[in-house]
Protein chains: 2
Amino acid sequence: MKSEQRKSEADPRGGAEPASYSISDLAKEFGITTRAIRFYEDKGLISPARRGQTRIYRPEDRVRLMLILRGKRLGFSLDESREIIDMYDPEHGNVEQLQRLLQHIEQKRTQLQQQLRDIQSLMGELDEAEARTRASLAKNKEH
Amino acid sequence: MKSEQRKSEADPRGGAEPASYSISDLAKEFGITTRAIRFYEDKGLISPARRGQTRIYRPEDRVRLMLILRGKRLGFSLDESREIIDMYDPEHGNVEQLQRLLQHIEQKRTQLQQQLRDIQSLMGELDEAEARTRASLAKNKEH
DNA sequence: CTTTACGTTTACGTTAACGTAAAGCTCTGC
DNA sequence: GCAGAGCTTTACGTTAACGTAAACGTAAAG
């Protein structure tokens, strides 16, 4: 066998999506360390299957990882990202919990709207900054 | 004198914008601690005037503080926020530095565009999550 | 059989961004 | 003149999110 064992699980179909990934597969794909991935597991954000000691990541685990990283890009803490991920399944049957979940969703939405405004204004200011910089450059060249 | 001395500086005009603020003025206005504000100064993001030992914040200092807080909302580190604030004045005459500044601006723009995409997708998912939650709620009530 | 490549757990170290005293000035109202 | 409010500096403590290293297991390749 050509050392293909420890990498992704053999794909019976054409070549669309592996059935599983190793920890370093995911680390490479997303440009992070294996330490980080294990850390996320420690914090309860992922819980991959195991073959013996070795972690096996399914496509759903990979999706969770993507959600975590998107959260990071938006400046969320791991706790916040976990809360968001938890919004994906309303298996928390309890009516009261569902009500709180709705409030939580609404609150996140408000925060995102603020971030959106922040981005818009910052983008506008970047435009101005670029203009000023180009002007400054022109002045330097004209001499 | 009516204890108005230690607060904001007396405003000669109608009542539009104070000429200066105390550190606790700003702390209250933005819902942060004075410790945080002094910390930002330590890190070189603000440098207020002084009357003796006491810090006096001008409107421009207040603006800088607002920029810092906006940066935080977008998940920027204080270093990143400083870099962004530094983009506001191309007094860095040197042509080479100006070129790098342009690159830096472009890079920030790219990052903001990614954040924008992240927000859009997350907002969509929040909508779906809300729908599922409401459905789950309905199921609970129908019984 | 030994090297090489990958995986594991355990544990101490590090950085950013403040929090939290402690100890001391300096006005202002009473 | 003294208490109190608000300012100062100095300094040690804390949390999050990993980094880094040690010490070990296992399986394929030469």
Side-chain angles (χ1 to χ4, degrees), chain A residues 1-10 20-57 61 64-65 67-85, chain B residues 1-10 20-57 61 64-65 67-85:
Chain A
M1 280 171 186
K2 306 215 302 292
S3 88
E4 202 68 16
Q5 220 77 350
R6 306 291 282 280
K7 284 164 163 271
S8 319
E9 209 58 33
S20 72
Y21 310 83
S22 78
I23 192 170
S24 53
D25 282 347
L26 293 184
K28 279 173 197 163
E29 175 175 3
F30 295 113
I32 59 184
T33 66
T34 61
R35 173 67 174 97
I37 298 180
R38 292 198 192 95
F39 182 78
Y40 301 149
E41 181 178 350
D42 256 43
K43 292 297 166 180
L45 288 127
I46 324 180
S47 28
R50 301 249 176 169
R51 176 163 38 182
Q53 283 264 82
T54 308
R55 278 164 255 251
I56 299 179
Y57 295 88
D61 296 318
R64 276 175 163 265
L65 188 51
L67 293 179
I68 296 170
L69 298 180
R70 185 181 64 182
K72 293 204 65 182
R73 287 196 301 270
L74 292 176
F76 293 170
S77 72
L78 293 183
D79 279 351
E80 284 179 303
S81 284
R82 195 210 345 259
E83 290 171 1
I84 290 177
I85 292 178
Chain B
M1 282 173 188
K2 307 214 301 289
S3 88
E4 202 66 16
Q5 221 75 352
R6 306 290 282 279
K7 286 161 162 273
S8 318
E9 209 59 34
S20 73
Y21 310 82
S22 79
I23 192 170
S24 53
D25 283 346
L26 294 183
K28 279 174 197 162
E29 176 175 2
F30 295 113
I32 59 182
T33 66
T34 60
R35 174 69 175 95
I37 299 182
R38 292 198 192 96
F39 182 77
Y40 300 149
E41 181 178 350
D42 256 42
K43 293 296 167 180
L45 287 130
I46 324 181
S47 27
R50 300 250 177 169
R51 176 164 38 183
Q53 284 266 83
T54 308
R55 276 163 256 251
I56 298 180
Y57 296 87
D61 296 318
R64 275 175 162 265
L65 187 51
L67 293 179
I68 295 170
L69 298 179
R70 185 181 64 183
K72 291 204 67 181
R73 286 196 301 271
L74 291 177
F76 293 170
S77 72
L78 293 184
D79 279 351
E80 284 178 304
S81 284
R82 197 210 344 261
E83 290 170 1
I84 290 177
I85 292 178

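In what follows, every chain begins at residue 1, and chains take the letters A, B, ... in the order their sequences are listed.
For the pair A:Q53 CD and D:dA23 P, the computed distance is 19 Å after rounding to whole Å. Remark: C1' of D:dA16 and CD of A:E80 are 12 Å apart, rounded to the nearest angstrom. Residue A:K28 contributes atom NZ, which lies 13 Å from atom C1' of C:dG7 at whole-angstrom precision. C:dA16 atom C1' lies 9 Å from atom CG of B:D79, rounded to whole Å. When rounded to the nearest whole Å, the span between CG of B:L65 and C1' of C:dA17 equals 15 Å. Taking atom CZ of A:R55 as the reference point, atom P of D:dG25 lies 17 Å away to the nearest angstrom. Atom pair A:I23:CD1 and D:dC18:P shows a separation of 13 Å (rounding to whole Å applied).
Shown here are the salt bridge (charged side-chain N to carboxylate O under 4.0 Å, His left out) partners of B:E41, two or more places apart in sequence or in another chain: B:R50, B:R55. With sequence neighbours excluded, the residues satisfying salt bridge (charged side-chain N to carboxylate O under 4.0 Å, His left out) with B:R70 are A:E125. For B:S47, there are no side chain to side chain donor-acceptor pair (under 3.5 Å) partners at least two apart in sequence or on another chain. B:R38 is linked by a salt bridge (charged side-chain N to carboxylate O under 4.0 Å, His left out) to nothing, counting only residues two or more places apart in sequence or in another chain. When the side chain to side chain contact (heavy atoms under 4.5 Å, CB included) test is applied to A:S77, the partners found at least two apart in sequence or on another chain are A:D79, A:E80. Applying the salt bridge (charged side-chain N to carboxylate O under 4.0 Å, His left out) rule to B:R73 yields the partners A:D118; only residues at least two apart in sequence or on another chain are considered. For A:R64, there are no side chain to side chain donor-acceptor pair (under 3.5 Å) partners at least two apart in sequence or on another chain.
Contact between the side-chain N/O atoms of A:T54 and the OP1/OP2 oxygens of D:dT26 is not found at any separation under 4.0 Å. Phosphate contact (OP1/OP2 of C:dT9, side-chain N/O of A:R50, threshold under 4.0 Å): present. Between B:T33 and C:dG19 there is a side-chain polar atom (N or O) within less than 4.0 angstrom of OP1 or OP2. Close to D:dC7, at under 4.0 Å from its OP1 or OP2, lies a side-chain N or O of B:S24.
Within residues 34-46 of chain A, the residues approached by DNA chain D to less than 4.0 Å at the level of any non-hydrogen atom are A:R35, A:A36, A:F39, A:Y40, in residue-number order. Taking a 4.0 Å limit (strictly below) on heavy-atom distances, residues 68-78 of chain A reaches DNA chain D at A:K72, A:S77, A:L78.
In DNA chain D, stems built from 3 or more consecutive Watson-Crick or G-U wobble pairs, each with both distances under 3.5 Å, span C:1-30 with D:1-30.
For the atom pair NZ (A:K72) and CG (A:L74), the distance works out to 12.0 Å, reported to the nearest 0.5 Å. With rounding to the nearest 0.5 angstrom, the CZ atom of A:F76 is 13.5 Å from the CG atom of A:L69.
No donor-acceptor pair closer than 3.5 Å links the side chain of B:D42 to the backbone N or O of B:F39.
Results of the side chain to side chain contact (heavy atoms under 4.5 Å, CB included) test with A:P48 over A:L26, A:T54, A:D61 single out A:D61 as the only residue that passes.
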